[in-house]
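Below is one structure, written out as structure tokens; the observations come after it.
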Amino acid sequence: MNQRERTLLEENYGYLFEPELLNEIVESGIIKQKRQGDVIIEVGEEIRFMILLVNGSIKIMREDQEGDEMLLFFLEKGDTCTMSLSGCLGKTQSEIRAIAEQDATLLMIPVQKMAEWMKQYTGWMNFVFTSYHERLHEMLQSIDSLVFLNLHERLFNYLKDKVKLHHTTTLSVKHHEIAKDLHTSRVVISRVLKQLEKEGKIELHRNRIEVKEF
DNA sequence: ACATTAAGTGATT
DNA sequence: AATCACTTAATGT
């Protein structure tokens with residue numbers, strides 16, 4: 001781990017972790033760079049590392065046997081993938097797929113360290129519990145959105161999420177990509193997007209959506 | 001100029 | 001809200 005990476009780590013996690021714990025993380029953690037669109041964890045893949053997102057963003061997808069998939073939620077920097085936390089309970093296979101939403105910097109920690117650090121560092125224990133809580137909360141939100149919102153609202157929330165994540169109101173997405181994330185068809189997305197445009201909330205272009213209201 | 005890919009739309013279920 | 005069938009528009013070669 002180089003100096004720049006260490007600085008990133010301290011910026012994002014310094015206030016959570018004891019200095020000794022930070023040192024341990026620097027020692028046993030591996031930094032990995034991922035490009036936008038790279039698959040980080042595949043469904044069924046055995047989890048050997050716990051993953052902290054140091055920079056960038058990740059989208060977490062659920063997939064069924066037929067290959068139908070749907071977006072569960074996004075992870076931002078400072079977040080951790082909870083699926084990778086469950087690795088500390090023994091050998092587990094991933095039930096989700098994680099894809100880099102933007103170029104991302106990951107800190108991968110061997111799962112064996114999990115149990116060790118849980119006993120040793122309260123900062124670590126708090127972090128793990130807090131992370132579980134946050135992910136559970138996001139999962140519930142995702143269920144709420146799916147059950148209680150119509151597609152119109154769901155789509156607009158999705159766009160607003162992207163704006164926040166990418167820190168820009170100019171989104172480079174194709175309608176069919178949105179359709180995949182929300183698990184519907186491209187035609188339906190195009191129609192609802194047109195509706196949002198008429199309402200003045202967005203502006204449509206080829207391969208690009210300008211979000212006017214968020 | 002032609003082919004390919006993205007997006008728009010009416011009709012039907 | 002999904003699917004089909006077709007059109008129009010933007011881009012790549």
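Position along DNA chain B of the nearest nucleotide to A/V173 versus A/R191 favours A/V173 as the more 5'-ward residue.
Atom CD in A/Q195 sits roughly 12 Å away from atom P in B/dT9 (whole-Å rounding). One atom, CG of A/L204, and another, C1' of C/dA9, lie 14 Å apart when rounded to the nearest Å. As a whole-Å value, the separation of A/H152 NE2 from C/dA2 C1' is 18 Å. Atom NZ of A/K194 is separated from atom P of B/dG10 by 12 Å (rounded to the nearest Å). In this structure, NE2 of A/H176 is placed 17 Å from C1' of B/dG8, rounded to the nearest angstrom. Note: CD (A/E197) to C1' (B/dG8) measures 11 Å, nearest angstrom. To the nearest angstrom, C1' of C/dA1 lies 16 Å from CG of A/L149. The interatomic distance linking A/L155 (CG) with C/dA1 (P) rounds to 11 Å, in whole Å.
Hydrophobic cluster membership is shared by A/F129 and A/Y13, with clusters built from Ile, Leu, Val, Met, Phe, Trp and Tyr side chains linked at under 4.5 angstrom.
Between the side chain of A/R206 and the base of B/dG8, no donor-acceptor pair of N or O atoms lies under 3.5 Å. Between the side chain of A/R186 and the base of B/dA6, no donor-acceptor pair of N or O atoms lies under 3.5 Å.
Close to B/dT5, at under 4.0 Å from its OP1 or OP2, lies no side-chain N or O of A/H175. Remark: A/S190 is not in phosphate contact with B/dA6, judged by side-chain N or O atoms under 4.0 Å from OP1 or OP2.
In this structure, A/Y158 and A/F74 have tilted ring planes: the angle between them lies in the 30° to 60° band.
When heavy atoms are screened at a 4.0 angstrom cut-off, A/L193 is found touching no nucleic acid atom at all.
Taking the side chain as every heavy atom from C-beta outward, A/W124 and A/L16 never approach each other to under 4.5 Å.
Shown here is A/H166, whose NE2 atom has more than 12 heavy atoms of other residues, nucleotides or ligands within 6.0 Å.
If you check C/dA2, B/dG8, B/dA7 against the side chain of A/N207, the one that comes closest is B/dA7. Of the candidate nucleotides C/dA1, B/dA7, B/dG10, B/dG10 has the atom nearest to the side chain of A/V187.
A cation-pi arrangement, defined by a distance under 6.0 Å to the six-membered ring centre and an angle within 45 degrees of its axis, is present between A/K201 and A/F156.
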